[in-house]
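The structure appears below as structure tokens.
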Amino acid sequence: MLRSFLVMKRYFPKEIELKWQQKWQESNLYQAPDSSPKPKKYILDMFPYPSGDGLHVGHFKVYTSSDILARYYRIKGYNVLHPMGWDAFGLPAENYAIKTGIHPAITTAKNIAHIKKQMQQTGLSYDWSREINTTDPNYYKWTQWIFLKLFEKGLAYEAEAPINWCPSCKTGLANEEVVNGKCERCGTPVEKKLVRQWILRITYYADKLLEGVQNLDWPRFIKDMQINWIGRKEGINITYKVQGSDQEVVCFTTRPDTNFGATFIVIGPEHPLINKITKKEHLDEVKKYVSQTINRSEEERIAQGRAKTGVFTGSYAINNLNGKRLPIWVSDFVLGNVGTGAVVGVPGHDIRDFEFAKEFSLPIIRVVVGKDKDTSEITTAAQVQEKEGVITNSEFLDGLDIHEASTVIMDHLEKRGWGVRVVEYHLRDWIFSRQRYWGEPIPLIHCPNCGIVPIPENQLPLKLPEVKEYEPTGTGESPLAQVTDWVNTTCPKCGGPARRETNTMPQWAGSCWYFLRFIDPHNQEKLVSSEVERYWMPVDWYIGGAEHAVLHLLYSRFWHKVLYEIGVVSTPEPFQKLSSVGLVLAADGRKMSKSLGNVVTPDQIINKYGADTLRVYEGFMGPFENTISWDPTSINGVYKFLTRIWEVMSSEYIDSLANSKIEVVLNKLIVKIGNDIENMKFNTAIASMMEFTNLVYHEKLTLDQKKRFLIVLSPFAPHMTEELWQMLGQPYSIHQQAWPEVEDKYLQEEQIMVVIQVNGKVRDQLLIDREMIQDKELILSQAQKSPKIQKFLDGKEVKNSVYVPGKVLNFVT
RNA sequence: GCUGGUGUGGUGGAAUGGUAUACACGUUGGACUUAAAAUCCAAUGGCCUCUGGCCUUGUGGGUUCGAAUCCCACCACCAGCACCA
């Protein structure tokens with residue numbers, strides 16, 4: 001019996017999408033309760049900075065993907081937390097304020113409204129009752145509270161340090177914010193500047209951050225980036241006496257095994273020993289060199305490349321091992337902030353030392369013989385054996401592998417008191433203060449009597465005051481310094497006159513812990529209540545861009561470890577699983593940017609095709625992690641696919657199972673979609689739904705088949721499936737249904753195609769009943785009857801035959 | 001230079017030891033239309049002596065009955081780090 005609808009409606013996404021978005025909101029469909037008999041799933045997007053340009057389709061690849069996951073896990077029976085908020089402190093709003101005089105809070109609010117609308121019209125299933133904004137005093141109260149905890153624990157310290165300074169942004173930067181010697185944000189070459197700073201001791205956590213990252217379910221490349229950034233290396237500090245002086249020079253090395261090959265020592269231009277050991281006749285030259293190199297910008301340093309420069313101090317150090325004199329040179333290839341700022345030169349087995357020795361005609365000694373067995377004098381860079389080999393010319397180390405030799409010599413040096421084993425890191429402490437307005441005020445007071453005094457917790461939040469001038473001062477103070485009635489205050493300890501700290505926190509502060517506030521966003525008493533924190537943490541699946549691999553993702557892990565130690569959170573790591581989205585480039589292959597005029601916004605796509613088409617296309621473009629150019633023509637195919645589904649689903653249905661092939665395909669499809677979503681393989685999930693649609697386009701389905709198909713499609717196209725669900729007379733809402741069950745008997749076809757090969761080449765296929773599939777003899781004899789096979793076996797002796805049940809039979813002749 | 005990754009049609013890609021090129025775009029032809037769009041149908045890796053056959057997953061080798069998939073070497077590209085001792 002056929003059933004038909006009274007009216008066959010055409011697919012008009014605009015009509016249905018807004019209607020359901022409103023209905024979902026009214027019925028609080030996506031609110032997550034804080035307790036539930038269901039298992040929990042915390043699915044989190046990296047929250048956006050509310051830029052005035054709004055968001056483009058690249059941002060929405062993240063949001064639609066995580067939304068598919070959130071919707072999928074809801075119908076799989078999980079209590080899903082899927083929130084959204086705004087990382088709203090930062091330079092663009094402040095720069096706009098400088099230009100226009102409009103307060104950043106006003107522009108920020110406007111931008112948020114726009115972006116929120118973009119998200120809502122895409123049908124993203126966020127729990128908006130948990131929305132947060134890092135610039136809300138009720139939020140940054142807790143950012144400041146965490147800072148006070150860091151201060152209490154001695155993890156925040158004040159120092160006047162030469163730091164990376166962006167002359168355009170007029171603020172200091174963290175090491176992580178300097179990319180190729182340039183400001184991460186604006187691209188201006190970074191300078192060195194002596195500025196009073198608040199610095200966080202992230203280096204105390206280097207080993208914990210390193211260990212913790214090992215077991216996380218994160219992309220390998222991001223884990224490696226963090227491991228490399230932390231840059232742990234084990235070595236030894238060797239002390240050398242300076243001849244004819246009571247001074248000593250300490251050199252860090254990871255390769256003490258080659259120390260018999262040392263022929264010189266190089267110290268960096270910042271090294272304090274320079275003034276103490278430089279001989280009179282070299283003084284002028286050394287002074288000139290130091291002043292030339294020390295004030296150079298990062299950009300100039302990079303421009304110099306590997307070319308070696310340097311000057312001799314006139315002094316010599318003594319190598320304890322063999323009594324040799326090592327001339328002490330000054331060179332800028334030795335960096336002041338790496339190791340001890342002094343290096344022992346082993347030009348035979350270190351390419352930089354080799355280049356330096358060549359430049360200044362210093363002796364080169366071979367102490368390692370590599371795989372190539374070359375024992376000749378080292379005269380070319382190609383002969384410099386750095387990584388492997390056996391020690392030679394080194395007394396008691398001779399004949400040892402370099403790694404064994406390393407242990408032997410370190411023991412030897414430590415025993416004689418000539419060296420101490422040490423661990424060095426690439427990671428530096430986090431330059432935490434910014435000399436800008438639009439950030440969290442640092443809740444500290446400078447008192448002439450008591451020194452630095454934290455603001456009492458009950459006085460938080462310390463609100464950001466209004467200012468007249470947003471322009472950064474460039475002096476190392478923020479524009480807050482001009483708000484005298486705010487700056488001048490009384491000391492909480494002694495009650496005397498005191499000054500507030502005027503620096504603000506960096507962009508990264510608010511995002512270091514926001515995932516905790518989503519759990520308990522309205523709590524006035526605590527950052528997060530322990531009960532709900534234990535229920536929801538850790539974040540089960542975190543989704544965002546790889547540009548945060550060593551910034552946000554390292555900083556937030558650091559704060560989380562501190563919060564873990566003081567008992568605020570129950571997990572040592574915040575993000576259990578991380579997926580990294582690939583860039584979406586413009587159709588021209590360049591980055592989408594307003595200035596290039598190649599930006600595609602979700603609004604444009606939704607106006608033309610509807611939100612469901614945008615969502616499905618974002619998933620269908622290619623693998624989630626791939627960099628892909630936006631293709632404005634391909635999207636038609638997705639729209640066509642959805643229109644076809646509409647036609648199939650809104651047409652007549654049949655009561656009985658007429659076609660068991662469709663049932664088999666549908667059951668397999670249900671399994672495949674589930675697996676694909678869990679592995680973020682949305683492109684193949686959608687492709688298989690397209691195949692299904694093409695298969696049934698001229699067929700009739702049963703009501704139950706339609707319902708099951710709509711449920712598995714619903715995470716991708718939530719509006720259309722909700723509408724069709726209603727048209728099929730089903731109760732609201734499709735998004736509260738359970739994932740369809742599959743039946744084992746429908747997971748296999750009645751007959752299975754077996755490929756017949758001769759010598760590995762496909763020559764024929766046989767359709768075999770499922771019950772016969774294990775019977776090799778039967779299939780062998782059937783295959784031999786095939787004329788196509790006979791043709792290739794003719795006149796040849798079959799030496800062997802390999803049968804893989806249900807797949808392939810291969811004759812070997 | 002170091003670390004990690006990737007190489008498949010005109011394009012995005014599928015297949016992780018068993019029919020390479022699923023799905024989609026694009027292109028070509030056809031149907032419908034006065035016409036166009038939309039839609040539908042068909043074809044679409046290359047070559048040849050074309051009812052058939054040969055070749056093809058960056059290049060060269062290897063393992064295997066069988067390799068895009070595993071191993072070795074090389075080449076190219078992408079990302080990150082980089083005079084890190």
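Predicted model, so just to flag it, every value in this text is computed and none were measured. Just the heavy atoms: all of them, side chains too, but no hydrogens, waters or symmetry mates, feed the values below.
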**Study point:** Selected nucleotide, minimal atom distance to A/N810 side chain, candidates B/G26, B/G18, B/A85
**Key:** B/G18
Revision key, fill the gap. From the candidates B/A85, B/G26, B/U19, the one with an atom nearest any side-chain atom of A/V755 is B/U19
**Study point:** Rounded distance in Å between the C1' positions of B/U56 and B/A38
**Key:** 38 Å
Check your understanding: Between B/U19, B/C83, B/C23, which nucleotide has the shortest distance from any of its atoms to the side chain of A/N694?
Key -> B/C23
Practice item. Quick one: label A/G235 by what it contacts on the DNA or RNA (base, sugar-phosphate, nothing), any heavy atom closer than 4.0 Å. Key: nothing
Exercise for review: Between B/G58 and B/G12, how far apart are the P atoms? Round to whole Å, please.
Suggested key: 14 Å
Check your understanding: Say you pick atom P in B/G4 and the same atom in B/G13; how far apart are they, in whole Å?
Key -> 24 Å
Review point. Between atom CZ in A/F624 and atom C1' in B/A14, what is the gap in whole Å?
Key: 19 Å
Exercise for review: Name the closest nucleotide to the A/T684 side chain, picking from B/A85, B/U19, B/A14.
Suggested key: B/A14
Check your understanding: Any side-chain donor-acceptor pair under 3.5 Å between A/N759 and A/T813?
Key -> yes
Revision key, fill the gap. Of the candidates B/A85, B/C55, B/G53, the side chain of A/K233 sits closest to B/A85
Exercise for review: Look at all strands and tell whether A/V344 reaches a base, only sugar-phosphate, or nothing, counting heavy atoms closer than 4.0 Å.
Suggested key: nothing
Point to revise | Inter-nucleotide C1' distance (B/U21, B/A14), Å rounded | key: 8 Å
Revision key, fill the gap. Rounded to whole Å, CD of A/E797 lies from C1' of B/C65 at a distance of 15 Å
Exercise for review: Just call it for A/V804: base, sugar-phosphate, or nothing, with non-hydrogen atoms closer than 4.0 Å on any strand.
Suggested key: base
Review point. Would you say a side-chain N or O of A/K788 is under 4.0 Å from OP1 or OP2 of B/G53?
Key: no
Check your understanding: With rounding to whole Å, what would you report as the distance between B/C55 and B/G60 at their P atoms?
Key -> 15 Å
Check the interface with nucleotides 1-8 of chain B: list each N/O to N/O pair with the protein under 3.5 Å, or write none.
residue : atom : partner : partner atom : Å
B/G5    : OP1  : A/R220  : NH1          : 3.3

Each nucleotide N or O in nucleotides 68-70 of chain B that has a protein N or O under 3.5 Å away: list the pair and distance.
none

Check your understanding: Which part of the nucleic acid does A/Q765 contact within heavy-atom distance under 4.0 Å: base, sugar-phosphate only, or nothing?
Key -> base
Check your understanding: With sugar-phosphate meaning primed atoms plus P, OP1 and OP2, does A/H698 contact a base, only sugar-phosphate, or nothing at under 4.0 Å between heavy atoms?
Key -> sugar-phosphate
Practice item. Specify whether A/F356 and A/F360 have parallel, tilted or perpendicular ring planes, treating 30° as the upper limit for parallel and 60° as the lower limit for perpendicular. Key: tilted
Review point. Toward the 5' end of RNA chain B, which comes first, A/V550 or A/M690, by nearest nucleotide?
Key: A/M690
**Study point:** C1'-based separation of B/U44 from B/G10 [nearest Å]
**Key:** 11 Å
Check your understanding: If you write RNA chain B from 5' to 3' in dot-bracket form, with Watson-Crick or G-U pairs under 3.5 Å, [ ] for crossing pairs and | for pairs with another strand, what do you get?
Key -> (((((((..(((.....[....)))((((((.......))))))((((...))))..(((((..]....))))))))))))....
Exercise for review: Decide whether a cation-pi geometry holds between A/R644 and A/Y697; the criteria are a distance under 6.0 Å from NZ or CZ to the six-membered ring centre and an angle within 45° of the ring axis.
Suggested key: yes
Exercise for review: Walk me through it: do A/K233 and A/E424 pass the test salt bridge (charged side-chain N to carboxylate O under 4.0 Å, His left out)?
Suggested key: CA-CA 5 Å; A/K233 38 188 181 267; A/E424 280 282 334; over 6 Å; no
Check your understanding: Does one side chain, of A/Y425 or A/T203, offer a donor that lies under 3.5 Å from an acceptor on the other?
Key -> no
Point to revise | Rounded interatomic separation in angstrom, taking CD from A/E618 and P from B/G13 | key: 15 Å
Review point. Looking for any heavy atom pair under 4.0 Å, which part of the strands does A/D353 touch: base, sugar-phosphate only, or nothing?
Key: nothing
Check your understanding: Going by atom types only, do A/E176 and A/W229 share a side-chain donor-acceptor pair under 3.5 Å?
Key -> yes
Practice item. Answer with yes or no whether the side chains of A/Y11 and A/E647 bring together a donor and an acceptor at under 3.5 Å. Key: no
Check your understanding: Cationic tip of A/K681 within the cone over A/F624's six-membered ring, i.e. under 6.0 Å and within 45° of the normal?
Key -> no
Exercise for review: Could you tell me whether A/N626 contacts a base, only the sugar-phosphate backbone, or nothing, with contacts defined as non-hydrogen atoms closer than 4.0 Å?
Suggested key: sugar-phosphate
Review point. Under 4.0 Å: is that the gap between some side-chain N or O of A/K791 and OP1 or OP2 of B/G53?
Key: yes
Check your understanding: Of all the choices, B/C65, B/U19, B/A85, which nucleotide is nearest to the side chain of A/V802 once you look at every atom?
Key -> B/C65
Point to revise | Side chain of A/N683 - closest among B/C25, B/G13, B/A85 | key: B/G13
Practice item. Mark yes when over 12 heavy atoms from residues, nucleotides or ligands other than A/K182 sit less than 6.0 Å from its NZ; otherwise mark no. Key: no
Check your understanding: Can you tell which of B/C23, B/C41, B/A85 lies closest to the side chain of A/R644?
Key -> B/C41
Check your understanding: Starting at the 5' end of RNA chain B and moving along, which residue's nearest nucleotide shows up first, A/Y697 or A/K672?
Key -> A/K672
Exercise for review: Give the rounded distance in Å between these two atoms: CH2 of A/W630 and C1' of B/G12.
Suggested key: 13 Å
Exercise for review: Go through B/C25, B/A24, B/G18 for me and flag the one nearest to the A/K640 side chain.
Suggested key: B/C25
Review point. Rounded to the Å, how far apart are A/Q757 CD and B/G18 P?
Key: 11 Å
Check your understanding: Donor-acceptor pair under 3.5 Å: do we get one between A/K308's side chain and the base of B/C83?
Key -> yes
Review point. Using atom C1' of each nucleotide, how far apart are B/G9 and B/G45 to the nearest Å?
Key: 5 Å
Check your understanding: Picking from B/A85, B/G26, B/A82, which would you name as closest to the side chain of A/H426?
Key -> B/A82
Review point. How far, in whole Å, is B/U57 from B/A43 if one measures between their P atoms?
Key: 26 Å
Check your understanding: Can you check the A/E359 CD to B/C83 C1' distance for me, whole Å?
Key -> 14 Å
Practice item. Report which part of the nucleic acid A/F354 touches: base, sugar-phosphate, or nothing (heavy-atom distance under 4.0 Å, all strands). Key: nothing
Check your understanding: For A/K776, does the NZ atom have more than 12 heavy-atom neighbours from other residues, nucleotides or ligands under 6.0 Å away?
Key -> yes
Study note, to complete from the structure: Judged by whether its glycosidic angle lies within 90° of 0, B/G80 is anti
**Study point:** Of A/L553, A/I543, A/V581, the residue whose pairing with A/M46 passes side-chain contact (heavy atoms from CB on, under 4.5 Å)
**Key:** A/L553
Exercise for review: Let me know the distance between CG of A/D676 and P of B/A15, rounded to the nearest Å.
Suggested key: 8 Å
Check your understanding: Base, sugar-phosphate alone, or nothing: which one does A/F620 contact when heavy atoms must sit under 4.0 Å apart?
Key -> base
Check your understanding: With a 4.0 Å cut-off on heavy atoms, is A/L335 in touch with a base, just the backbone sugar-phosphate, or nothing at all?
Key -> base
Exercise for review: Find the distance A/W229:CH2 to B/A79:P and express it as a whole number of Å.
Suggested key: 18 Å
Check your understanding: Under 4.0 angstrom, heavy atoms only, what part of the nucleic acid is A/R232 near: base, sugar-phosphate, or nothing?
Key -> nothing
